[in-house]
Number of protein chains: 2
Amino acid sequence: MVLFAGQGDARRALELLWRTPVTREKRPGPKPALTIDEIVDAAVAIADEEGMPALSMRAVGQRLGRSGMSLYTYVPNKSELVDLMYDHVHGELNGDYGLDQGWRPAVRAWAGDLWSFYQRHPWLLQVSQVRPVLGPNEYAVVETVARILTETSLPARTLLRVVGTLFHFVRGAAQTVAESRQAAAATGLSNEDWWAVRSAVVPEVVPDFARRYPTIVALGQADTFRPEEGVPYLESQAAETFRVGLATILDGVEAAMARGPGEP
Amino acid sequence: MVLFAGQGDARRALELLWRTPVTREKRPGPKPALTIDEIVDAAVAIADEEGMPALSMRAVGQRLGRSGMSLYTYVPNKSELVDLMYDHVHGELNGDYGLDQGWRPAVRAWAGDLWSFYQRHPWLLQVSQVRPVLGPNEYAVVETVARILTETSLPARTLLRVVGTLFHFVRGAAQTVAESRQAAAATGLSNEDWWAVRSAVVPEVVPDFARRYPTIVALGQADTFRPEEGVPYLESQAAETFRVGLATILDGVEAAMARGPGEP
DNA sequence: GACAATACTTTACGGCGTAAGGAGATGTCG
DNA sequence: CGACATCTCCTTACGCCGTAAAGTATTGTC
């Protein structure tokens, strides 16, 4: 189930995101005991530690010694809390990437930071991207990669598509790692063990496998990939896909530069 | 919330997927009134029409005139039902792509079919890929793209990474379209309207936007993109990202071919 | 001291996956 | 035929979820 950003009142949501100071002078009633930041921090902690399915209003409240319902005085609903979490953690991506060696190493560094960022906060990959949160930190990340790519002199239109492609790719590759860890945690079975069990059964259930899927079998035999020491197979493989795929895309960008501007 | 494949008994799951004939001779008790295929078809219909959140055991049962619990005599749990749905629909991707004009048009055709396939069944993008379902149709899709890419003569290891990259990219790009439709349906607000409201509010909440994000503003002004007639903005843009991104990746593959085999 | 506004609580509703147990159908045996 | 095992399918129940509604306690202004 994908979560969608920005369902509620637009102004209220944006003022929360940009922390527009709320003038709350002499008004009756008890003082708020919590701040938005405390709530967002608690929610992020839960999502980081236990994953998105464990993130419930009741759980966040409990972590703060409050009932789940009490949060509704700070945040209109859960979906907007997720928006706030989303933008908040994007503040971690504030590196500026020097262009002294050109755009390519800078893009690589940016993508690498994004890659490990998603691994630190895998729940981000379950928040839809279509309706952007429009918070300060999300904009800053786009600004950063766009500034780097300006160096390629690609036309704006193509450049924006390259930005999209990079995000799709990094998110997809990061998802493999994130989900492999989630699956292992959720099922109590490591991916290696899972694969060992399955791959032993497949030949029994499908005796003519090699005849039906000759290319898969041939590639499996010819593959020289071996995981790094101490790193689970799937994660090591995903890291290699990230490296190779990113290089492939950047090679493609160079080809587009060499071709010069034209129809995208 | 991402769904994970294959939590249950491996043999039972695989026999269901590959439809290994169950010898159910003279056994007492009433005859089953349903078949697995009927259940899978009903579940796919719900997911296609109303999206993954609407897919509940009770809903599938209701569509078949049965209680939700009755399905548990056919399928061990919901997660395995999703596996069956996943593999079943992949049977639609059975085209074979001629190589007379080389690998590049064939990959483009394959990716294009995958792209529209995901749009026909957007819920597929919410099923995790880490633990593959290992059904006949899923294998067939991998076999197809692998066979095409064999034409590039890339080493097996690199070729497999390219396959991963293509899947990441196509899934990511397709997700944009799928989620944009889901968001519009779920919120009752078109993406255009949503954007109109937000973008009007941002300058009020963030008066110094242009100073803080100069590259974004400059790119927005220089962008020549205009949506196709009658196609929503976001979808048209996503289609262009798909075209441009795929071309970029394939250019990168050609560059890797030109470089010849080496460390991936 | 009266009153209004606010923070926070408890309770409740309709959804979910599925465990448990029971009803009725259908086969094999004596 | 009757007894019994086995099967499909049903109802009920549990503990989760987001959040609506209503109640209580606290704090300010008049």
Side-chain angles (χ1 to χ4, degrees), chain A residues 1-5 7-9 12 22-36 38-39 42-43 46-47 50-85 123 126 186-187, chain B residues 1-5 7-9 22-36 38-39 42-43 46-47 50-85 123 126-127 186-187:
Chain A
M1 326 299 120
V2 182
L3 304 169
F4 291 108
Q7 312 227 19
D9 175 65
R12 161 114 195 244
V22 187
T23 55
R24 194 197 170 286
E25 293 142 41
K26 311 283 178 172
R27 306 253 282 295
K31 301 272 163 275
L34 300 175
T35 62
I36 300 235
E38 283 174 304
I39 294 172
I46 292 172
E50 304 168 57
M52 207 59 153
L55 181 76
S56 70
M57 299 302 273
R58 287 167 174 89
V60 177
Q62 190 173 44
R63 188 175 267 252
L64 296 165
R66 294 261 145 27
S67 77
M69 286 307 292
S70 77
L71 305 178
Y72 284 93
T73 45
Y74 298 91
V75 153
N77 53 49
K78 183 181 177 182
S79 153
E80 299 219 359
L81 173 57
V82 174
D83 287 3
L84 290 168
M85 295 165 61
W123 49 271
Q126 274 151 281
T187 62
Chain B
M1 323 300 119
V2 182
L3 303 169
F4 291 109
Q7 310 227 20
D9 175 66
V22 187
T23 55
R24 196 196 168 286
E25 294 142 41
K26 311 282 179 175
R27 305 253 283 294
K31 301 273 163 275
L34 300 174
T35 62
I36 300 236
E38 283 175 303
I39 293 171
I46 292 172
E50 305 168 57
M52 206 60 152
L55 181 76
S56 69
M57 298 302 274
R58 286 169 174 89
V60 178
Q62 191 173 42
R63 188 175 266 253
L64 296 165
R66 294 259 141 32
S67 78
M69 286 306 292
S70 76
L71 305 179
Y72 285 94
T73 44
Y74 298 90
V75 153
N77 53 49
K78 183 180 176 181
S79 153
E80 299 219 359
L81 173 58
V82 173
D83 288 4
L84 291 168
M85 295 165 62
W123 49 271
Q126 274 150 289
V127 180
T187 62

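From a predicted model like this one, the values you see are computed outputs, not experimental measurements. Here is the naming used below: chain letters follow the sequence lines, and residue numbers restart at 1 for every chain.
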Using whole Å, report how far CG of Asn77(A) lies from P of dC17(D).
17 Å

Does dC8(C) have its OP1 or OP2 closer than 4.0 Å to a side-chain nitrogen or oxygen of Ser70(A)?
no

For Lys78(B) and dC16(C), is the shortest distance between a side-chain N/O and OP1 or OP2 below 4.0 Å?
no

Classify Leu64(B) by what it touches in the nucleic acid, base, sugar-phosphate, or nothing, heavy-atom distance under 4.0 Å.
nothing

In whole Å, I'd like the distance from the CG atom of Leu34(A) to the P atom of dT6(C).
17 Å

The helix from dG1(C)-dC30(D) to dG30(C)-dC1(D): angle between terminal helix axes, five bp per end, to the nearest 10 degrees, reads 30°

Under 4.0 Å between any heavy atoms, over every strand shown, what does Arg66(A) touch: base, sugar-phosphate, or nothing? Just pick one.
sugar-phosphate

Quickly work out the Met57(B) CE to dG15(C) P distance and round it to whole Å.
18 Å

Kindly say whether, by distance alone, the side chain of Arg58(B) makes a donor-acceptor pair under 3.5 Å with the base of dG15(C)?
no

Does the side chain of Val82(A) reach to within under 4.5 Å of the side chain of Leu55(A), using non-hydrogen atoms?
yes

Glu50(A) CD: over 12 foreign heavy atoms closer than 6.0 Å
yes

Calculate the interatomic distance between Met69(A) atom CE and dC13(C) atom P; express it in whole Å.
15 Å

Specify the separation, in whole Å, of atom OH of Tyr72(A) and atom P of dG18(D).
6 Å

Separation of atom CD in Gln62(A) from atom P in dC8(C), rounded to whole Å
17 Å

Separation of atom CD in Glu80(B) from atom P in dT18(C), rounded to whole Å
10 Å

The nucleotide from dC8(C), dG18(D), dA7(C) with an atom nearest the side chain of Ala33(A) is dC8(C)

Contact class for Ser67(A) vs. all strands (heavy atom < 4.0 Å): base, sugar-phosphate, or nothing?
base

Nearest heavy-atom approach of Pro76(A) to Arg12(A) is CD-NH2, 3.8 Å

Enter the distance from Tyr74(A):OH to Glu38(A):CD here, rounded to the nearest 0.5 Å.
8.0 Å

Tell me whether the OP1 or OP2 atom of dC8(C) has a side-chain N or O from Tyr74(A) closer than 4.0 Å.
yes

Within the structure shown, what part of the strands sits under 4.0 Å from Leu71(A) by heavy-atom distance: base, sugar-phosphate, or nothing?
nothing

If I take atom CD in residue Glu38(B) and atom C1' in nucleotide dT8(D), what distance separates them, rounded to the nearest angstrom?
14 Å

Report the distance from atom CG of Asp83(B) to atom CG of Leu81(B), rounding to the nearest 0.5 Å.
9.0 Å

How many angstroms lie between atom CE of Met85(B) and atom NZ of Lys78(B), to the nearest 0.5 angstrom?
8.5 Å

When rounded to the nearest 0.5 angstrom, what is the spacing between CG in Leu71(A) and CG in Asn77(A)?
11.5 Å

